[in-house]
Amino acid sequence: MSLGILYVAATPIGNLEDISLRALRIFKEADYILCEDTRTTHQLLSKYEIKTATISYHQHSGGGKVQQLLRYLAEGKNLVLVSDAGTPGISDPGSMLVAAARQEYGPELSVVALPGANAAISALSVSGWPVDRFTFFGFLPHKKGRQTMLKEILVNDYPAVFYESKHRIAKCLEEMSIIVAEYELTIEVMLARELTKMFESLYFGQPATLAKQLANDLDMQKGEFVVLVRKIKK
Ligand code: SAM
């Protein structure tokens, strides 16, 4: 019996129409959809009337779950891995299962990408900045290593992109403005908030200016953020 295929599928980052026709077809045809949170993925599946069975698979899934999924592949079952939003493996679970499956079955196993939404790439695409080269930092650490990574971001020669939660976005802008003053840097920040959603907004400015704007605007403090930073040549 031939091995099943492991698909890695991007799902929308807000707007449920941001899903490819191919992904919808494979969702329907697959044996199982592996979801970071089955409740979140069911919203997408029910919109498109997809009844494929789902299995929970997330960062805390243990080795037993991975072994079960590997057995399904050995039985020829096709699996689709999704995260809650965007592309699996990009600041999201996914890479461990892909690595385990490849280690088990080697080049015989097909791991197939179903490309689609990604918050960082979406933000870069609307920045208007030259982003032929950029550096992606994922999430900043909450405590240890945070200042070091922020410095690295701010002195970087290429535009930098990272994810930040609404709980830390104000702190992040304040921390950036301190580093900018200390190292006499001139930088521009772009905040991409709620991409593809009803209150999608882009904000451009120096960190201190954006920090003030955020402090005075309760709406601006809500939602999901991608942060872009670039150095301005003096
Ligand atoms: N794998 C996802 C991707 O491909 O973009 C990223 C997952 S990561 C756990 C979630 C973070 O991505 C959020 O905290 C936020 O920083 C960013 N994000 C996700 N959706 C977003 C959106 N609609 N607008 C702005 N940022 C978003």
Side-chain angles (χ1 to χ4, degrees), residues 6-20 22-23 27 33-41 43-44 47 56-61 80-99 111-129 131 134-143 146 149-150 153 159-173 175-176 189-205 207 210 213-214 217 219-229:
L6 176 56
Y7 293 96
V8 180
T11 54
I13 55 168
N15 189 321
L16 293 184
E17 291 179 356
D18 291 333
I19 185 78
S20 76
R22 182 173 171 230
F27 286 160
I33 301 173
L34 319 179
C35 312
E36 185 180 4
D37 182 334
T38 51
R39 288 163 304 181
T40 306
T41 306
Q43 291 172 16
L44 176 69
K47 177 174 170 67
S56 154
Y57 174 77
H58 47 74
Q59 57 179 347
H60 304 297
S61 296
V80 192
L81 173 69
V82 298
S83 61
D84 282 351
T87 304
I90 312 298
S91 297
D92 257 346
S95 56
M96 224 181 64
L97 179 64
V98 172
V111 181
V112 175
L114 301 176
N118 168 261
I121 297 294
S122 302
L124 288 163
S125 75
V126 291
S127 67
W129 297 358
V131 289
F134 64 86
T135 313
F136 176 59
F137 287 84
F139 281 104
L140 299 185
H142 295 183
K143 291 196 178 106
R146 185 175 168 92
M149 191 178 280
L150 263 178
I153 286 168
V161 53
F162 60 98
Y163 295 146
E164 186 58 285
S165 94
K166 63 180 174 195
H167 306 294
R168 279 178 293 277
I169 191 73
K171 178 178 171 211
C172 175
L173 289 167
E175 287 168 327
M176 279 200 270
V189 173
M190 180 186 117
L191 299 183
R193 186 172 77 90
E194 293 288 84
L195 288 164
T196 79
K197 302 189 208 176
M198 189 186 292
F199 297 107
E200 173 167 2
S201 354
L202 303 179
Y203 307 90
F204 293 85
L210 286 174
Q213 197 180 339
L214 190 87
D217 183 344
D219 287 335
M220 192 177 162
Q221 297 168 21
K222 295 177 191 152
E224 297 192 280
F225 291 88
V226 180
V227 185
L228 266 59
V229 175

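This one's a predicted model, so the numbers in the text were calculated from it and none came from an experiment. Note that ligands are numbered from 1 as they come in the structure, with each ligand's atoms numbered from 1 the same way.
- Under the 4.5 Å side-chain criterion, counting only non-hydrogen atoms from C-beta, V126 is in contact with M190.
- Residue-ligand proximity, E164 to ligand 1, at heavy-atom distances under 4.0 Å covers atoms 16 (O).
- Interatomic distance, L6 CG to L97 CG, rounded to the nearest 0.5 Å: 5.5 Å.
- Looking from atom 26 (N) of ligand 1 to the surrounding protein, the closest heavy atom is V226 CG2, 3.4 Å.
- Checked by distance only, ligand 1 and P88 stay at 3.5 Å or farther apart across all their nitrogen or oxygen atoms.
- Counting only heavy atoms of the protein, atom 3 (C) of ligand 1 lies nearest to N118 ND2, 3.3 Å.
- Given atom 21 (C) of ligand 1, the protein heavy atom at minimum distance is E224 OE1, 3.6 Å.
- Here K222 contributes atom NZ and F199 contributes atom CZ; the two are 8.0 Å apart, rounded to the nearest 0.5 Å.
- Taking the side chain as every heavy atom from C-beta outward, I153 and L140 approach each other to under 4.5 Å.
- In this structure, OH in Y7 is found 12.0 Å from CD1 in I33, a value given to the nearest 0.5 Å.
- At least one heavy atom of A192 lies less than 4.0 angstrom from ligand 1.
- Remark: aromatic rings of F162 and F225 are distant, center separation not under 6.0 Å.
- Close contacts between ligand 1 and I90 involve ligand atoms 1 (N), 2 (C), 6 (C), 7 (C) [criterion: under 4.0 Å to a heavy atom].
- Looking only at side-chain heavy atoms (C-beta outward), I121 and F134 come within less than 4.5 Å of each other.
- Counting heavy atoms closer than 4.0 Å to ligand 1, residue D92 contributes side-chain atoms (C-beta onward) but none from N, CA, C or O.
- Nearest protein neighbour of atom 16 (O) of ligand 1, counting heavy atoms only, is F225 O, 2.6 Å.
- Residue contacts with ligand 1 do not include T196, since none of its heavy atoms lies under 4.0 Å from the ligand.
- Remark: ligand 1 atoms within the under-4.0 Å shell around heavy atoms of F139 are 8 (S), 9 (C), 10 (C), 11 (C), 14 (O).
- A donor-acceptor pair is defined here as one N or O able to donate and one able to accept, closer than 3.5 Å; no such pair exists between the side chain of E224 and the backbone of E194.
- For ligand 1, the atoms sitting less than 4.0 Å from at least one non-hydrogen atom of A85 are 1 (N), 2 (C), numbered in the order shown with element in parentheses.
- H60 places none of its side-chain heavy atoms less than 4.5 Å from the side chain of P93.
- For atom 22 (C) of ligand 1, the nearest protein heavy atom (residue, atom name, distance) is L195 N, 3.6 Å.
- Ranking the protein heavy atoms by distance from atom 18 (N) of ligand 1 puts A119 CB, 3.5 Å first.
- Expressed to the nearest 0.5 Å, how far CZ of R168 lies from CZ of R146 amounts to 6.5 Å.
- Under 4.0 Å from ligand 1, the heavy atoms of K197 that appear belong solely to its side chain.
- Considering backbone and side-chain N/O of R193, none are found under 3.5 Å from N/O of ligand 1.
- Counting all heavy atoms, side chain and backbone alike, A10 lies closest to I19 at O-CD1, 3.5 Å.
- Every atom of ligand 1 with a heavy atom of S91 under 4.0 Å away is listed here by number and element: 7 (C), 8 (S), 9 (C).
- Summary of contacts: the protein heavy atom closest to atom 17 (C) of ligand 1 is Y163 CD2, 3.6 Å.
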